[in-house]
Amino acid sequence: MHELDARARCARQKAAAVAAGVPVCFADTLADGGEGPALVVIPPGHFEMGSPEDEPGREPVEGPLRYVRLKHAFALGRCTVTADAFGHYARESGWRPRPDLIQSLGLQPMINLRPREAQAYVDWLSWQTGYRYRLPTEAEWEYAARAGTRTPFAFGKSVDCSQVSYNPAFPYPPGVRRPAGCLPWARLREAGSLPANLWGLHEMHGNVWEMTLSPWCDDLGDVDSDGHAHPSSGAPSRLTTRGGSWFDPAALARSAARRPRLADELDTNLGLRILRELT
């Protein structure tokens, strides 16, 4: 996918949507008459996963570079799951938040969820729609975030606060002055409020870390060439998260940046983005 220009990458996306019988951006109807989260079709293709050794901010866990081919198109959430969208599930299922935890509201990303609660939500979406929903693998996540780019961000070699929600005290590339227009403090943004990448996905960089289906590995050496989750014996104790967050340095919002989380962890900067299979 890296070798294609922007027009060709968009054409591949449209062709994948036609083949799947859905619009490029769509939402499934729920059994109760409501509407599921907005989804964007991501075409099949190949890419180099990870970061080169000379990328500013690179960490050893982002290598070695791996060639990955995703054989099937899939649909990914246009944004992270919002408090409003999760509230639909909460009302139907009886889920209740812990009263001692900070809760997001409205169009803010849903936070303070444990991975098992995220799994219960995607299982509910599968039951409501008749299609298989799940979390993305980290290979699927990075492929979608890059949208065919090789640069640290889908937007290029540097970013500012009009593109990515990060801690403005730590801009990118590291060591540069804080870009003009950045507020002196970090804050959580509403989902969909920042520019989308070429394939129409918002806030893949920054705002909240996003859970993936992949158990944590200390490097990319065991990533399957077809983008499946890392092999794991039994229940993994840690899972891989991607994307960075609003109070992290911008370097952690790069396409290749990755961090482990405990399998039962919740946090004010951890959310989820759903995947719906098209095959």
Q. Any chance the rings of Tyr133 and Trp124 have centres within less than 6.0 Å?
A. no
Q.
With no hydrogens and no angle check, just 3.5 Å: does a side-chain donor-acceptor pair link Tyr89 and Arg91?
A. no
Q | Heavy-atom donor-acceptor pair, Gln119 side chain to Arg116 backbone, under 3.5 Å | A | no
**Q.** Electrostatic pair Asp5:Arg7 at N-O distance under 4.0 angstrom
**A.** no
Q.
Please tell me whether Ser51 and Arg58 have a donor and an acceptor in their side chains that are separated by less than 3.5 angstrom.
A. yes
Q. Ring centroid separation for Tyr172 and Phe153, is it under 6.0 angstrom?
A. yes
(Q) When you measure from the side chain of Thr80 to the backbone of Val208, do you find a donor-acceptor pair of N or O atoms at a distance under 3.5 Å? (A) no
Q. Is Arg258 reaching over with its side chain to a backbone N or O of Arg242, donor-acceptor style, under 3.5 angstrom?
A. no
Q) Can you get from Trp141 to Val122 by hopping between Ile, Leu, Val, Met, Phe, Trp and Tyr side chains that sit under 4.5 Å apart? A) no
Q: Check the pair Met49 / Val223 against side-chain contact (heavy atoms from CB on, under 4.5 Å), numbers first and verdict last.
A: CA-CA 9 Å; Met49 184 177 177; Val223 173; 3.8 Å; yes
Q | Any side-chain donor near an acceptor of the partner, His88 and Asp32, under 3.5 Å | A | yes
Q.
Evaluate Asp28 against Arg276 for side-chain contact (heavy atoms from CB on, under 4.5 Å), listing each step before the verdict.
A. CA-CA 10 Å; Asp28 287 325; Arg276 200 264 252 183; 2.9 Å; yes
Q. Do Asp248 and Ser245 have a side chain donor and acceptor closer than 3.5 Å?
A. yes
Q.
For Glu277 and Arg134: C-alpha separation, side-chain torsions, deciding distance, then whether salt bridge (charged side-chain N to carboxylate O under 4.0 Å, His left out) applies.
A. CA-CA 8 Å; Glu277 295 186 355; Arg134 58 174 172 84; 2.8 Å; yes
Q.
Show, in sequence, the C-alpha distance, side-chain angles and deciding distance for Val164 and Asn207, and conclude whether the side-chain contact (heavy atoms from CB on, under 4.5 Å) test is met.
A. CA-CA 7 Å; Val164 175; Asn207 216 29; over 6 Å; no
**Q.** Path from Leu70 to Leu278 over hydrophobic side-chain contacts below 4.5 Å
**A.** no
Q | For Arg254, the option from Glu62, Glu142, His205 that meets side-chain hydrogen bond (donor to acceptor under 3.5 Å, both in side chains) | A | Glu62
Q. For Leu262, does the CG atom have more than 12 heavy-atom neighbours from other residues, nucleotides or ligands under 6.0 Å away?
A. yes
Q) Could you go step by step and tell me if Glu48 and Arg150 meet the side-chain contact (heavy atoms from CB on, under 4.5 Å) rule? A) CA-CA 8 Å; Glu48 269 195 320; Arg150 291 182 183 269; 3.0 Å; yes
Q | Minimum side-chain heavy-atom gap Arg9-Leu198 below 4.5 Å | A | yes
Q | Hydrophobic cluster identity match, Tyr131 and Trp127, side-chain contacts under 4.5 Å | A | yes
Q) What orientation do Trp95 and Phe86 show, parallel under 30°, tilted 30 to 60°, or perpendicular over 60°? A) perpendicular
Q: Please check if the side chain of Gln128 supplies one atom and the backbone of Ala31 the other of a donor-acceptor pair under 3.5 Å.
A: yes
Q | Distance-only polar pair, side chains of Asp160 and Ser162, donor-acceptor under 3.5 Å | A | yes
Q.
Would you say CZ of Arg12 has more than 12 non-hydrogen atoms from neighbouring residues, nucleotides or ligands within 6.0 angstrom?
A. no
Q: Ignoring hydrogens and angles, state whether a donor on the side chain of Asp267 or Trp209 is under 3.5 Å from an acceptor on the partner side chain.
A: no
